[in-house]
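Take a look at the structure below.
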Protein chains: 4
Amino acid sequence: MSKRSQQDRLFEKYNIRTDLALESHQAVIEQEGPPELPGVKVHTEKEEGITLTRITVESDLGAQLMGKAPGNYSTLEAPGLRMHNRDLHERLAQLLAKEIEWFFEQSGLGDEDAVLVVGLGNWNATPDALGPKAVENLMVTRHLLEMSPPELRRGLRPISAIAPGVLGITGIETGEIIMGVAERIGAKAVICIDALASRSVERLCSTIQISDTGIHPGAGVGNRRLAINKETLGIPVIAIGVPTVVHAVTIVSDAMDLIERGSVQSPEGGQPPERVQFKIDPGTIMGGQAPRPEIRANAASDKRQIISQVLEPYFGSMIVTPKEIDLLIDEVSDVIAGALNTSFHEGVSYDEVFKYLS
Amino acid sequence: MSKRSQQDRLFEKYNIRTDLALESHQAVIEQEGPPELPGVKVHTEKEEGITLTRITVESDLGAQLMGKAPGNYSTLEAPGLRMHNRDLHERLAQLLAKEIEWFFEQSGLGDEDAVLVVGLGNWNATPDALGPKAVENLMVTRHLLEMSPPELRRGLRPISAIAPGVLGITGIETGEIIMGVAERIGAKAVICIDALASRSVERLCSTIQISDTGIHPGAGVGNRRLAINKETLGIPVIAIGVPTVVHAVTIVSDAMDLIERGSVQSPEGGQPPERVQFKIDPGTIMGGQAPRPEIRANAASDKRQIISQVLEPYFGSMIVTPKEIDLLIDEVSDVIAGALNTSFHEGVSYDEVFKYLS
Amino acid sequence: MSKRSQQDRLFEKYNIRTDLALESHQAVIEQEGPPELPGVKVHTEKEEGITLTRITVESDLGAQLMGKAPGNYSTLEAPGLRMHNRDLHERLAQLLAKEIEWFFEQSGLGDEDAVLVVGLGNWNATPDALGPKAVENLMVTRHLLEMSPPELRRGLRPISAIAPGVLGITGIETGEIIMGVAERIGAKAVICIDALASRSVERLCSTIQISDTGIHPGAGVGNRRLAINKETLGIPVIAIGVPTVVHAVTIVSDAMDLIERGSVQSPEGGQPPERVQFKIDPGTIMGGQAPRPEIRANAASDKRQIISQVLEPYFGSMIVTPKEIDLLIDEVSDVIAGALNTSFHEGVSYDEVFKYLS
Amino acid sequence: MSKRSQQDRLFEKYNIRTDLALESHQAVIEQEGPPELPGVKVHTEKEEGITLTRITVESDLGAQLMGKAPGNYSTLEAPGLRMHNRDLHERLAQLLAKEIEWFFEQSGLGDEDAVLVVGLGNWNATPDALGPKAVENLMVTRHLLEMSPPELRRGLRPISAIAPGVLGITGIETGEIIMGVAERIGAKAVICIDALASRSVERLCSTIQISDTGIHPGAGVGNRRLAINKETLGIPVIAIGVPTVVHAVTIVSDAMDLIERGSVQSPEGGQPPERVQFKIDPGTIMGGQAPRPEIRANAASDKRQIISQVLEPYFGSMIVTPKEIDLLIDEVSDVIAGALNTSFHEGVSYDEVFKYLS
């Protein structure tokens, strides 16, 4: 079964529209009951204000259950990212840098191997501009290193960066542009930065995922048809993503979850709202028709699936974002650029690189 | 009862979070049943692709029922605005210009009376940038007229324009800035352009409302505490608004409406989805408690109210917009600027104004 | 003689098109010879990479000689500002904050007196966007203080900020908008931030001037007709300006100076270029006509004046800026916003202000 | 001799810093005297407000004299472009479209041959943003055509577009990105849109050059080291360029020309300024040293060359632009995008293309 159809099946089964492995995992656990999934390893660390979760999908069974390709997914959750807390920003950038370095090691990338950073998404659509904005603050060095004598380049990594735009504006699949450029310049690895869709509004602009499984068709805020991964590019692809939108259809399901759950807790730790319950009868939803047999297995997901079908034509192109999305995108793209600069040029400032080489 | 508390009561009663009189009217009709509201006159005209609805709230009773201050509300609906249809844009601008001229007449504004145009909202938050963007394309003439001999100014209207920013950025209530400037320059009327919240995603960036009742506290995408109307400014205030967001809490209610209604029609005129039904039992929602007596009266609105209460802490600051909001805002602000330029300087281009005066 | 005509006379006499008192002073010294001007006090301090010059114009004679109104002018020169040196940025912001505090004391401003900060200039014209950009990063507090009980406001200064736009876009003189708003909110002082024109390309985006004489008609990058100063507003006006352009006509005179001087030194401390000389014969420039008697006095300024007259129709609306002006404006506006935040809310972060008050 | 060194020699000889063949031609004619250059054909047409000049460099001798590679250079001059004249904009776009079609024919491009449009330059530097802005308004069709059955694609041209950024931001030569992408997508021709430097301020944002000789190292506002032409890409390269800056050093030479010429005419057709003359004595400029023999040949160019040398360290990175450059760039990039859309999809609107294919 292809990755695409795995994703589709998960979407069908649980109506989970999320690009975060962490949310897929939670959703499956919630639905399926067992505390652990076969072929999926989860490890969690915490420090003040930040939770780091490393999920490794080790087998095809795990991949099938999660709807995510086999590989590594690290997620940094920092709700305080939305509070303009500068100290937290810096600590998060440090942690992210270390995590990126771990992915470099995993993919066998050498210290002097050239990396192409790709800011995916659309400059002109705020929630999709994360990638281009992050790329803008990167320290690129490839052109400086190329002009330097070999003995000076030792230990320095050539970094280049592009923001290729989106299909509707370029007429070209982003994957094709990346292939063309990566091949031409002889990049040894690609890092893609992308805006994602999550299932939960709480994670918007406060969660960062790093993975080594690349970017899959249909993922992210814009639409893509071509995978961007090791199989298509021939070199390791590390994807750094931040959820910036929730699809409107998802938020309705989410809302129904909150209501159905009977008892919800205030996210601010305040008084819990009154106990509420929300009964949905799949029979009536289906207009008296007997539900299809493969759906019967899980009543909760059935309902959500049908609801999603009903709402799609109305809300399909609608996205949910925080009011202050423009500011939040600026801040989280700064964190990512800072982390990349640190992980690329450890202990070296751009001024130093520049002086050293010229 | 103050206007503020009328609005609050309506919000409480029917959970309608809309700045459009048209939507308030529809919601009340839906809930209350009667085809007409006492003290509210409604008139509708259509031409290809555009519906014009004029609502006049004539009495305090009508105002109370609608949750809108007494006065005139004209609404132009043009779903094609979202399709980048240039011809429709131009026809709409023409219609809007005529409607604005009608409001000028209603408010007794003379041909040479100075008008101050105010672009409300925040430059840096895409869905709230409608006002500042519209103002950017206005032809201002006040400074040209001031330098000209009186005999040349005959028949020309001095236009000035500001984009005062928002409270969080200026530390000053927008209303105070407008008062200060309008008084200083001796404006005879103020036109405010503002981004609104609607109840329905279909109206986003495709509906324009003109009203003579001003801007009320808490209306629009940003928050305001001070009314901007004839009472506070001492001169007529004409408000031009376009819904650019739906509050996330509203969309959930809206979605539930769609589902509950049992049978929904596809907005594209395609196949109607299957019949669905969605039962909500206020008893269970309240967790077995007896509902408060004033709520019992209308079960449907009760449910929505409770739901809203449950969701507020989760979705309170979330907004729903179309994916391509940046582009849509550009287009609709062009339509408004074009309409204003036409209505201000009928049959006169800026070049002509400039030549005439210099 | 009015200030305007003083400026004009200076412009005529020495063809100095500069908004910097420091440059006026240097030009007059150069032309007139004497090392000191009567009625003008100059004091200089240096620290690594930064030169602070305080000029006090004490008498009308001094004002006439300098072409600058009587008052205080402090100038911080930091060529390194153009090198993206973060440490220098921070030291400069600290020095600027102290200098601003000195101007507060001079103008008798109390610790709790409300200040209105005004970002002059045009958002949409890069070299003129300094003011609006600086204002964007200010911590405004007026709205927070207004909602707080009096006992909590003690020692805190209400700050508000506007970016009023420019005459061509608003139709209103900037001075009128400021008057209207300052009066309405009861401001006790106004701080104007503005992009200036200098005489020397070396000072672009690397020099900051603070003065207490306000903004004069025709100063700055945009054009203004109305003075913004204590006389027009009735409250102290502190102007913070940064040269971001040189007029094209000025650069030609400057170039001729360089060439005429016979021997020029490389600004980078490198090899001096070959000795060059450039003879200009006013007789031939005037086409054989006898020069007007008042011009004969100073041959050097004569030539420049005539040249300026010749070039005005060709280069009048042309400006000279560094290639990387967009980036430089961002950086210097950050320095100014940082300095203002420090001087307004000494030792208090916005988070603290916010917590304290709510 | 390589093209690069031809350009250098011309630069040395006449100190002409221009990317426009028209200006090179004029300068050489002025300096050398003869009304015609061997191996260079010039043809001029006029219509109201627009002058079209076609220069063909036919031989190596012509190329050497002009400092421009052999090939075709068409220039549209429309001073009214700077006056916001909408009618002129449309007529100019039509003429430009026809001229582009002529270049298509010359290069043997078939009706269905895929074209890659490249917006050269830097988004974040106003005068260099012409290319990226023009590309933003293009109708790209490649992705639509790819999804359509072959019988529907007949007669339609697949258009794609990228804005690759600049070396300092990407670390990659623009030429390398174009090569990588053009090869990957199988483009049959490349169209580059670029901001240029001219010699004359009057041509800024009012002149458009189309050529089939590609983009040369060091041309344009940004710096490039790699040629983008048929030799490097293997497919025809059509370059569309608009001068948006004059180098500061150039403007000084230009100013001296104006002054030296003795008699200058007002560009507005007003009164000619007084006769002026400006003697420059190369002997004194050289500080009494005997000039190098190869310089002696042409005294006028000698002077300019020396002056340029003197000024370079002071003004080297300074550019001259009109004050309203932001607005002008928007307008001229609209004209270019409109012309390209017309020449690509003759008589077909995007709506039609879209409908036709889906």
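By convention in this document, chain letters (A, B, ...) are assigned in the order of the sequence lines, proteins followed by strands, and residues within each chain are numbered from 1.
The distance from atom CD of D/E324 to atom CD1 of C/I319, rounded to the nearest 0.5 Å, is 9.0 Å. D/H247 contributes atom NE2, which lies 5.5 Å from atom NZ of C/K323 (distance to the nearest 0.5 angstrom).
Looking only at side-chain heavy atoms (C-beta outward), D/D326 and C/T126 come within less than 4.5 Å of each other.
Heavy atoms of C/L204 lying under 4.5 Å from chain D belong exclusively to its side chain. Proximity to chain D involves both the backbone and the side chain of C/I251, based on heavy atoms less than 4.5 angstrom apart.
Of the listed residues (C/V252, C/L327, C/V246, C/I325), the greatest number of heavy-atom pairs within a distance under 4.5 Å of chain D belongs to C/V252.
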